[in-house]
Amino acid sequence: MLTTGPVPAYPEVLAALGKPVLYDYHPAFQTYYAGVVEKLRQALRTDNNPVIMQGEAILGIEAAAAALIARNDVVLNLVSGVYGKGFASWAARYGREVVELAVPYDEIIDPQAVREALRSRPDISIVSLCHHDTPSGTLNPLHEIGAVVAGHGAYLIVDAVSSFAGMDAHPQDAHADIFITSPSKCLGSTPGLSLIAVSERAWNKIEANPDAPLGSFLSLLAWKGASEPGRPFPVTPSIAEIYALDAALDRYTREGPENVWTRHAQTASVAREGLLGLGLSLWPKQEAWCAPTATAFKVPDSISDVALRDSLLHDHGILVSLGRGETAGKILRIGHMGASAEPGFARTIVSALSGILSRPLHP
Ligand SMILES: *Cc1c(COP(=O)(O)O)cnc(C)c1O
């Protein structure tokens, strides 16, 4: 399964899912939960406790918008793909105005363009960025954009769902005020949770926002401090998913984050080299813009995307992802996330593609 999320879970993650369910008010569970939050804090390299919400990462992204964006906010939404574009609907729901800075989906956002957008609209108070827009396989310059936004003083919301834990991407280094990720991409755990780092100043803004949801499944505030001992959870946590996350975080730490990132980068590099060697083209206009956690390549004219995907699956047992939105029909995407980030897997799919595409009448 070389998909772009969800991805195959590590064996220790699957084993953890089989542990007995603890009562959430049991002091032992509360202590355990606080330990998992602490491990997550260390993995995210933040000073304050992150929040775990009980739903796939889109929940975390929508909850971030609902909490941080107040009625008088002007949001600069950076769009280089499907997920970046999708954020606009939430920003528009909560804020006063959404300003869009968009590039074609085979390009990346230029930090200089962000600087100019902020200069021409000094009233922009929040900037939102999707770091790796997975349907395009392109990686935006997170740290450079973060520095520009910090210079302006705006808050920065980052969707790092498909980059965190597959490369060096952490909220504080990037000046991100809210940084959302998922266990089911590069951490190699199961889907079902949103992992959210929130800066101190973002918490202050959220607490001052009269429209920030409370008593709602969308409430980020409800989960603030949920790991403090003796505090009731807003709703029953997804206990098995917490076990799985814990095992994934342990594995990440044991292997060593830098080693994990290198494994992802090497796999992507092998995939790109192999695809180019077959005469295929990468979807991103420049190879330097390709993400280390997924490789998007153009489907040749001689075959449809679905036929090529099906041939990989049925003849070779390899499942990849189709394009989405604007990239649908044009590309296939190979995920290098968690357990699938192994250079050997990249070599395997390249040789499978070579076999399929060299047949006179493929598939
Ligand atoms: C996977 C992903 C998400 C989360 O999408 P779900 O449908 O909730 O899994 C958000 N943003 C990006 C960039 C992603 O790759």
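Indexing begins at 1, ligand by ligand and atom by atom, following the structure's order. Atoms considered below: every heavy atom in the structure, side chains included; atoms not considered: hydrogens, waters and symmetry mates.
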Can you tell me the protein heavy atom closest to atom 11 (N) of ligand 1 and the distance?
Asp159 OD2, 2.7 Å
Tell me, do Pro50 and Val37 make a side-chain contact under 4.5 Å, heavy atoms counted?
yes
Report yes if some N/O of His132 lies less than 3.5 Å from some N/O of ligand 1; otherwise report no.
no
Pairing of Lys85 and Glu326 as salt bridge, 4.0 angstrom limit:
no
Students should be able to answer this: which protein heavy-atom is nearest to atom 6 (P) of ligand 1, and at what distance?
Glu56 OE1, 3.3 Å
For Tyr32 and Asp246, test the side chains for any donor-to-acceptor distance below 3.5 angstrom and give the result as yes or no.
yes
Heavy-atom nearest neighbour in the protein, as seen from atom 1 (C) of ligand 1, with distance rounded to 0.1 Å
Lys185 NZ, 1.4 Å
Can you name the atoms of ligand 1, numbered from 1 with element, that are less than 4.0 Å from a heavy atom of Ala57?
4 (C), 8 (O)
Short list, please: which atoms of ligand 1 are under 4.0 Å from a heavy atom of Cys130?
13 (C)
Are Phe297 and Leu353 side-chain neighbours, meaning at least one heavy-atom pair lies under 4.5 Å?
yes
Would you mind running through ligand 1 and noting each atom that sits below 4.0 Å from a heavy atom of Ser162?
13 (C), 15 (O)
Is there a donor in the side chain of Glu56 and an acceptor in the side chain of Ser182, or the other way round, less than 3.5 Å apart?
yes
Passing option when Thr293 is tested against His264, Lys185, His131, His132 for side-chain hydrogen bond (donor to acceptor under 3.5 Å, both in side chains)
His132
Consider every N or O of Thr134 and every N or O of ligand 1, then say whether any pair is closer than 3.5 Å.
yes
Closest approach of any protein heavy atom to atom 5 (O) of ligand 1, naming residue and atom:
Ile58 CG1, 3.4 Å
Using the rule given for side-chain hydrogen bond (donor to acceptor under 3.5 Å, both in side chains), can you reason through Thr4 versus Thr134, listing the C-alpha separation, both sets of side-chain angles and the distance that settles it, and then say yes or no?
CA-CA 7 Å; Thr4 56; Thr134 327; over 6 Å; no
